[in-house]
Asker: 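Before I ask anything, let me first share the structure, which is written out below as structure tokens.
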Protein chains: 2
Amino acid sequence: MRKDKIPSQEAITRKPFPASKKVYVEGKLHDIKVGMREIELEDTTIHLANGEKKHEKNAPVTVYDASGPYSDPNIEIDVHKGLDRLREDWITARGDVEQLSSITSDYGKERESDSKLDELRFEYRHKPYRAKKGQNVSQMHYAKQGIITPEMEYVAIRENQRLDEIKDLGPQHPGQNFGALTPKGPVTPEFVRDEIAAGRAIIPANINHPETEPMIIGRNFLVKVNANIGNSATTSSIEEEVEKAVWATRWGADTIMDLSTGKNIHETREWVIRNSPVPVGTVPIYQALEKVNGKAEDLTWELFRDTLIEQAEQGVDYFTIHAGVRLKYVPLTARRITGIVSRGGSIMAKWCLAHHKESFLYTHFEEICEIMKAYDVAFSLGDGLRPGCLADANDAAQFGELETLGELTKIAWKHDVQTMIEGPGHVPMHMIKENMDKQLRDCFEAPFYTLGPLTTDIAPGYDHITSAIGAAQIGWYGTAMLCYVTPKEHLGLPNKEDVREGVVTYKLAAHAADLAKGQFGAQYRDNALSKARFEFRWRDQFNLSLDPERAIEYHDETLPAEGAKVA
Amino acid sequence: MRKDKIPSQEAITRKPFPASKKVYVEGKLHDIKVGMREIELEDTTIHLANGEKKHEKNAPVTVYDASGPYSDPNIEIDVHKGLDRLREDWITARGDVEQLSSITSDYGKERESDSKLDELRFEYRHKPYRAKKGQNVSQMHYAKQGIITPEMEYVAIRENQRLDEIKDLGPQHPGQNFGALTPKGPVTPEFVRDEIAAGRAIIPANINHPETEPMIIGRNFLVKVNANIGNSATTSSIEEEVEKAVWATRWGADTIMDLSTGKNIHETREWVIRNSPVPVGTVPIYQALEKVNGKAEDLTWELFRDTLIEQAEQGVDYFTIHAGVRLKYVPLTARRITGIVSRGGSIMAKWCLAHHKESFLYTHFEEICEIMKAYDVAFSLGDGLRPGCLADANDAAQFGELETLGELTKIAWKHDVQTMIEGPGHVPMHMIKENMDKQLRDCFEAPFYTLGPLTTDIAPGYDHITSAIGAAQIGWYGTAMLCYVTPKEHLGLPNKEDVREGVVTYKLAAHAADLAKGQFGAQYRDNALSKARFEFRWRDQFNLSLDPERAIEYHDETLPAEGAKVA
């Protein structure tokens with residue numbers, strides 16, 4: 001096994017995209033500036049009848065940018081110090097948090113006092129924040145009181161991508177949105193607030209992750225993409241994971257999940273969060289299981305609770321909690337072809353069967369809500385009984401759990417805890433919409449966050465594609481965030497190139513969904529790229545694409561001459 | 001420029017897939033045997049309570065196999081002699097064809113008498129067949145008379161993949177087929193005949209391509225995939241094109257189109273057809289244009305007619321003919337972002353504008369039909385005005401042309417000429433179904449054959465995926481054949497690995513569509529693979545996949561130990 005390794009500055013990718021520069025849009029309600037990427041275009045050459053040429057300007061195109069400060073060459077970043085704490089003032093200004101004198105979880109303290117870990121530790125740690133007694137610091141809580149937080153204005157500006165500044169957006173087909181409240185014009189901060197208050201959207205924004213650039217997950221906003229990273233018992237170092245996180249956001253990952261199951265999970269997570277410009281999600285039960293050496297039946301509420309606090313104080317923005325795996329649903333999986341494939345689901349099912357009672361996630365759900373609202377961690381209610389193959393899709397176990405997730409959503413909302421719902425898995429195309437419809441109905445329009453779904457089981461090695469087909473569809477039907485699948489799915493652990501392939505594949509699926517839903521201005525970039533294509537402005541075609549490097553590389557393979565890039 | 005090169009035996013891939021053997025199913029009506037691939041599976045190990053193990057057999061899985069004799073190690077193949085002429089006896093036994101003493105096209109004769117081409121020529125040429133005067137040798141003509149040809153029985157057996165021999169097919173979700181006549185059980189030869197007679201399906205099977213293994217294209221059958229090959233002015237040799245054709249069928253291409261635009265098109269085509277086990281399509285106008293040195297306005301009906309005969313006598317199974325590009329539609333494209341992007345479409349539009357009259361494809365359509373039925377070449381009525389970007393989707397030009405294609409279908413059917421209709425292009429997801437619905441209505445359920453469609457324009461380098469999303473959907477809605485798109489689309493010419501990537505991507509999209517339509521037994525392979533996955537029978541999981549080599553490679557990257565492949 002390799003020795004773990006902390007990140008060196010050089011290991012982190014910071015190269016800006018070609019012809020791109022970082023631009024910032026300022027807030028009107030709050031003192032904020034929202035980073036975006038502006039792509040410069042070449043002129044169109046028009047050949048006049050008299051043989052002369054005329055040049056016509058093409059306006060630059062501004063695009064959504066998940067990569068944070070990494071893509072701004074004017075910002076100095078020291079991976080050992082972490083990113084600038086963008087939101088810290090916003091958080092403290094609200095007057096409802098206190099800074100603790102130290103971390104409070106037992107496990108966190110244990111790791112802190114272990115001097116063997118000194119060489120792996122992220123040094124520049126800050127003391128954690130927590131809501132003052134009796135306070136609720138969730139964005140949902142503020143929204144319900146009618147407050148527009150800086151986070152809410154930030155995401156409104158971010159969603160608009162400066163399309164609101166363009167006089168003529170050009171042609172765009174009206175969308176089909178299945179009853180969603182898709183804004184017909186630019187997103188306003190008020191709309192963001194209302195959507196969050198209604199539970200239809202969330203801004204994952206732990207008060208202990210002030211480095212995060214706020215982003216919104218909801219059916220009436222742009223479809224988002226999550227990328228999973230994380231070490232395992234056999235591979236990866238802290239350095240690799242931090243770079244994978246930065247790398248994933250470079251290609252457009254809107255959130256990342258750290259699914260580490262190897263050694264030094266606590267320390268790895270600290271490094272990742274301190275350097276992540278996007279919200280970080282985890283599945284706390286994974287780490288809890290490591291703490292009991294992999295024996296599911298030894299898990300306890302106390303140990304799990306301590307893990308939640310440990311991670312909340314590090315700044316995890318959302319927790320996958322498989323509280324819907326109820327005892328009564330477990331026997332419903334017995335006749336499936338692939339049983340229970342969710343790791344969290346099978347851990348909890350094992351626990352339930354061993355103790356023959358409802359899981360502590362379910363029985364202690366309100367206590368979990370208390371923790372969540374003290375740090376503004378959002379729920380991602382896990383689909384522990386999701387189908388692992390087409391045959392098991394939409395069965396009683398899966399749909400039973402979904403109904404329970406709806407009940408839990410109501411409880412979470414009672415506590416003003418932001419909540420999204422996880423979804424399948426493996427589903428044939430014609431059965432995808434049923435998932436979306438049922439989720440909207442049973443979970444009261446809480447945002448849906450799905451893995452794929454894969455639309456066939458016979459293409460391992462290409463499951464980023466089998467699942468992108470399903471992901472694009474379910475995004476169109478109303479799913480708010482798509483969890484990416486890499487080409488290594490079912491086969492092995494993704495390397496950096498797999499992460500890129502997975503993220504870009506899911507970005508294009510998410511964008512296809514935005515176009516189909518009819519999101520405001522969604523077609524603008526497509527039109528600009530198509531115009532460049534028609535005018536043989538090759539460089540603009542590359543630069544406007546989701547992956548300019550690959551477009552150039554593929555072009556140059558057969559037509560490398562520089563002359564072949566201009567009309 | 002490289003010197004052209006004829007194929008060497010070694011350049012042709014023949015390696016069988018792992019754990020696979022070729023099996024043949026015999027006909028009941030005709031003396032035929034239909035090749036398929038049987039995948040052997042390992043036993044399931046069951047751990048008994050007493051600590052002992054039990055082994056349970058897993059039945060082998062038979063799958064559709066487009067690769068022809070190449071994947072049968074018992075068959076000797078000499079690429080210089082071409083494949084066995086499987087269908088020659090079937091064709092001559094019908095008594096309605098005559099063997100000509102020589103080829104009849106002027107261009108063909110010219111090439112034949114050019115001794116400079118001797119070194120490039122395919123030597124073992126056979127004299128062409130043609131229908132006897134007054135006869136019609138199309139499969140549609142036979143079907144309308146109630147005849148079940150060997151070709152029809154062949155495709156019925158082939159479609160069933162021996163699923164009709166399995167007592168318990170296991171679970172399968174009922175499909176949603178939008179009013180198609182999807183068979184609820186095995187396909188019968190009678191059903192094939194009826195579908196062909198009704199024009200809802202075609203068997204592209206030129207009497208001069210007796211090497212082809214019959215396959216069927218129709219909404220009520222398995223969704224098929226076409227792969228484009230072909231040289232260009234700057235790249236490729238005959239050897240490469242023949243290997244690309246064989247390689248494409250290895251990964252599952254059901255037909256190939258030879259879109260050569262470089263030198264020695266005539267000779268390249270001869271090599272490809274003689275060695276192709278699948279139907280070969282072309283766009284004759286491409287070659288015709290080469291004959292007039294690229295000047296569209298110099299094209300004439302006589303030259304085009306000669307090209308049709310030249311290619312029909314070589315054995316091309318279907319012709320893309322852009323006869324729907326009518327003069328009145330051309331101005332409708334003026335305000336598009338990307339104008340006319342179909343190469344054939346822009347050639348014909350140029351001709352129409354230059355001469356200010358309807359194209360010779362349109363005005364001589366009945367004469368074209370006469371040629372088609374004398375060789376049983378099928379129409380693939382080209383969509384010359386398909387959209388080249390999302391903005392141009394479903395516009396008046398595109399839909400006007402589609403209506404004209406419907407009128408032409410009626411004329412083709414009057415001549416009993418088999419006909420399919422080409423479709424877009426670039427279409428956002430929510431506008432795809434309108435294409436299918438209109439095509440079914442306007443073209444009287446003639447099979448639809450679409451390129452993608454791409455569902456966003458912003459991902460060059462990933463357009464096999466942007467288009468697979470659309471292809472899977474339109475396949476589900478009723479499209480009979482999907483024309484693949486490779487990762488090089490819009491950027492450059494595909495190499496062998498791109499062909500593989502494109503074909504496998506489209507096979508999985510086609511299969512996702514079959515599952516959604518509810519094709520008989522479509523889920524059987526998914527179930528078998530999922531069972532293998534659940535039981536950690538890694539080798540079976542690889543072997544049952546569409547691309548076993550990639551699955552193994554990806555697996556071994558992180559877990560190369562042999563032990564990691566068994567449970």
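To find a chain, count down the sequence lines: A is the first, B the second, and so on, and within it residues start at 1.
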Asker: How long is the span from the OG1 atom in B/Thr486 to the OH atom in A/Tyr554, to the nearest 0.5 Å?
Answerer: 9.0 Å

Asker: Given side chain to side chain contact (heavy atoms under 4.5 Å, CB included), test A/Ile458 with B/Leu508 step by step and report yes or no.
Answerer: CA-CA 7 Å; A/Ile458 66 169; B/Leu508 71 84; 5.8 Å; no

Asker: Against chain B, label A/Ala528 side chain, backbone, both or neither, depending on which of its atoms sit under 4.5 Å from a heavy atom there.
Answerer: neither

Asker: Give, for atom CD of A/Gln473 and atom CD of B/Gln473, the distance between the pair rounded to the nearest 0.5 Å.
Answerer: 4.0 Å

Asker: Of all heavy-atom pairs between A/Gly461 and B/Arg550, which one has the smallest distance, and what is that distance?
Answerer: O-CD, 3.7 Å

Asker: Main chain of B/Pro174, side chain of A/His430: is a donor-acceptor contact present, judged purely on distance under 3.5 Å?
Answerer: yes

Asker: Can you list the steps and then say if A/Tyr462 with B/Leu546 is a side chain to side chain contact (heavy atoms under 4.5 Å, CB included)?
Answerer: CA-CA 9 Å; A/Tyr462 297 79; B/Leu546 287 175; 5.9 Å; no

Asker: Identify which part of A/Arg525 has an atom lying under 4.5 Å from any heavy atom of chain B, answering side chain, backbone, both or neither.
Answerer: both

Asker: Give the interface residues of residues 335-343 of chain A toward chain B, defined by a heavy-atom separation under 4.5 Å.
Answerer: A/Ile337, A/Thr338, A/Gly339

Asker: So, the side chain of A/Asp457 versus the backbone of B/Ser530: is there a donor-acceptor pair under 3.5 Å, distance only?
Answerer: no

Asker: Only counting residues at least two apart or in another chain, list the ones meeting salt bridge (Lys or Arg N to Asp or Glu O under 4.0 Å) with A/Glu434.
Answerer: none

Asker: Tell me, side chain or backbone of A/His490 under 4.5 Å from chain B's heavy atoms, or both, or neither?
Answerer: both

Asker: Looking only at non-hydrogen atoms, find the nearest pair between B/Pro460 and A/Ala551 and report the distance.
Answerer: O-CB, 4.0 Å

Asker: Rounded to the nearest 0.5 Å, how far does CG of A/Leu491 lie from CH2 of B/Trp538?
Answerer: 6.0 Å

Asker: Among B/Ile465, B/Leu544, B/Thr466, which has the most heavy-atom pairs under 4.5 Å with chain A?
Answerer: B/Ile465

Asker: Measure distances from A/Gln541 to the heavy atoms of chain B and classify the residue's part below 4.5 Å as side chain, backbone, both or neither.
Answerer: both

Asker: Applying salt bridge (Lys or Arg N to Asp or Glu O under 4.0 Å), name anything that partners A/Lys488, two or more places apart in sequence or on another chain.
Answerer: A/Asp498, B/Glu557

Asker: What are the residues of residues 390-398 of chain A, in order of number, with any heavy atom under 4.5 angstrom from a heavy atom of chain B?
Answerer: A/Leu390, A/Ala391, A/Ala393

Asker: What part of A/Tyr477 lies closer than 4.5 angstrom to a heavy atom of chain B: side chain, backbone, both or neither?
Answerer: side chain

Asker: Between A/Asn495, A/Ile432, A/Leu454, A/Leu529, which shows the greatest number of heavy-atom pairs under 4.5 Å with chain B?
Answerer: A/Leu529

Asker: Contact part of A/Gln523 toward chain B, heavy-atom cut-off under 4.5 Å: side chain, backbone, both or neither?
Answerer: side chain

Asker: If we define contacts as heavy-atom pairs under 4.5 Å, which of A/Leu515, A/Thr505, A/Asp526, A/Thr456 has the most with chain B?
Answerer: A/Asp526

Asker: I need the residue from A/Pro487, A/Gly470, A/Ala471 with the largest number of non-hydrogen atom pairs under 4.5 Å to chain B.
Answerer: A/Pro487

